Amino acid sequence: MATYNPKSSKASEFINHEEILETLSFGKENSHNRDLIIEILNKAKKAKGLSHREAFILLSCKEDDLNEEIYKLANEIKHKFYANRIVLFAPLYLSNYCINGCSYCPYHGQNKTIPRKKLSQEEIRAQVIALQDLGHKRLALEAGEDPIHNPIEYILESIDTIYNIKHKNGSIRRVNVNIAATSVENYRKLHEAEIGTYILFQETYNKENYEALHKFGPKSNYEYHTEAMDRAFEGGIDDLGLGVLYGLDSYEYEFIGQLMHAEHLEARFNVGPHTISVPRIKPADDINPDDFDNSISDDIFAKIVACLRIAVPYTGMIVSTRESQAMRERLLELGISQVSGGSKTSVGGYTEKETKGSDQFELSDHRSLDEVVDWLISLGHLPSFCTACYRMGRTGEAFMDLVKKEGIGNICQPNALTTLKEYAIDYASDKTRKNAEALILKELSNIPNEKVRELTKENLEKIGQGQRDLYI
Ligand code: SF4
Ligand code: SF4
């Protein structure tokens, strides 16, 4: 039997099944233990994070007034670390060819009903121009695993194409990559291609269930998949994005597993996850969420987000358009710091009408990017198209040190204002432009440091005069 060791490089030791089971029963036994819950809440208020066991006690808490405190604290921590900025991005699907057998994804290798498609470099150009014309600056690349159709050379060429497209005032300034687990050598190539975050969803941390849900293809190897972030780090990528697909196994198991993974990255590399995504399983072609017995209610989902925010205060948290407007609104108050907007989840979706069954999963939020930006403003958030950190060398440990010490809101805020100004001038509808301009004025006066305030003011003026891409 493997023993729990967060520093180990072995999946069975850093995501340790026995430790998860013990944590599960410990949490359930203490769900009404007010003294313990209050003690953990007091520790959480210091905003230094919590262990998986402590965080699970909060997730298990069945005391209504203390749950209210958890929600309140999650909101406070989000503001302490990131101020009120919300970063925007869009996914870009390159290819739905895939040789894996993920039972919850319509792109799985045995699905004969969906049309398979891979974008040529010319088609990528068209997609990226369409995305630039919406105002996007930050993409998450998605591709199935297929060594013939989507080899690493194809991904690298696509990244290069994307970074080199300059259309009107548009540019994609950060390409995050979500492709299958691969070798250290390939991660090194991705690093050299200057990707932003490498994102890999674990799907489920429960090995037995993982193996049942991934019956064929390279992804069926639980260890290879679970240890991928370690190889990515060895390949030089130090901004890593975790995620599970809530609904595949019990949410409690996944929650604990996700935090153990974060602890492992901290213990082994001194760098916690750059982001955590929280997708929930959705209907799609050849997929029925009812086949997975672990779907979770909105209330539980909200609590997961709040407890993750408290447990890893320094980590960006992402919610996609899988969730409805109402749910996204609720989660934004509980610690989410990045959202997608105007997303298409099919290959070629930004220039072609999506046909039924062509998308990877059903979206619940179909609004345009402009509507999402205006909605964020109306809720008191500050929409941001910032990509400054990795371009300033603030990645990995350097980024974490900065965020852990004082939060990064004082840097996010000015960059959010300048990128929102660009958006307002270049892409916004009249209504959104007016609202954005008013918000920029208001938020500018809220920048506490006088020097930074003056510099931001100058940058905003320069953007008004036609300059672009000014950041600190
Ligand atoms: Fe392929 Fe990814 Fe879908 Fe699995 S989740 S079938 S690896 S595209
Ligand atoms: Fe993200 Fe850094 Fe920009 Fe803040 S300043 S929004 S952390 S890239």
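Atoms within a ligand are numbered from 1 in the order they appear, just like the ligands themselves. Computed from a predicted model, the values in this text were never measured in an experiment. Numbers for residues simply follow the sequence, beginning at 1.
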| To the nearest 0.5 Å, what is the distance between NZ (Lys457) and OG (Ser445)? | 11.0 Å

| task | From the options Cys105, Pro218, Gly109, Gly144, select the one whose nearest heavy atom is closest to atom 3 (Fe) of ligand 1. | result | Cys105

| What are the atoms of ligand 1, with element, lying closer than 4.0 Å to any heavy atom of His108? | 6 (S)

| task | Would you give the length of the straight line joining atom OH of Tyr198 to atom CG of Leu141, rounded to the nearest 0.5 angstrom? | result | 12.0 Å

| query | Using the ring of each side chain (for Trp, its six-membered ring), is His225 parallel, tilted or perpendicular to Tyr210, with breaks at 30° and 60°? | reply | tilted

| query | What protein N/O/S atoms are found closer than 2.8 Å to atom 3 (Fe) of ligand 2? | reply | Cys386 SG

| field | Close-contact set for ligand 1 against Asn100 heavy atoms, below 4.0 Å | value | 7 (S)

| request: Verify side-chain hydrogen bond (donor to acceptor under 3.5 Å, both in side chains) between Gln202 and Gln258, making sure each step is shown before the conclusion. | output: CA-CA 9 Å; Gln202 177 64 30; Gln258 202 157 30; over 6 Å; no

| request: Could you establish whether Tyr390 and ligand 2 come within less than 4.0 Å of each other, counting only heavy atoms on the residue side? | output: no

| field | Atom indices of ligand 1 within 4.0 angstrom of Cys102 heavy atoms, with elements | value | 4 (Fe), 5 (S), 6 (S), 7 (S)

| query | Considering all heavy atoms of both residues, which atom of Asn84 and which atom of Gln413 are nearest to each other, and what is their separation? | reply | OD1-OE1, 3.3 Å

| said: One thing to verify: whether Glu185 and Lys189 come together as a salt bridge, which I'm taking to mean a side-chain N less than 4.0 angstrom from a carboxylate O. | reply: yes

| field | Protein contact of atom 2 (Fe) of ligand 1 - nearest heavy atom, named by residue and atom, plus distance | value | Lys219 NZ, 4.2 Å

| request: Under 4.0 Å from a heavy atom of Cys98: give me the atoms of ligand 1 that qualify, with their elements. | output: 1 (Fe), 6 (S), 7 (S), 8 (S)

| task | For residues Ala181 and Tyr187, report the shortest heavy-atom separation together with the two atoms involved. | result | CA-OH, 3.4 Å

| field | Gap separating the CG atom of Asn100 from the CG atom of Leu213, nearest 0.5 angstrom | value | 12.5 Å

| message | Return the OG to CG distance between Ser378 and Asn435, rounded to the nearest 0.5 Å. | response | 8.0 Å

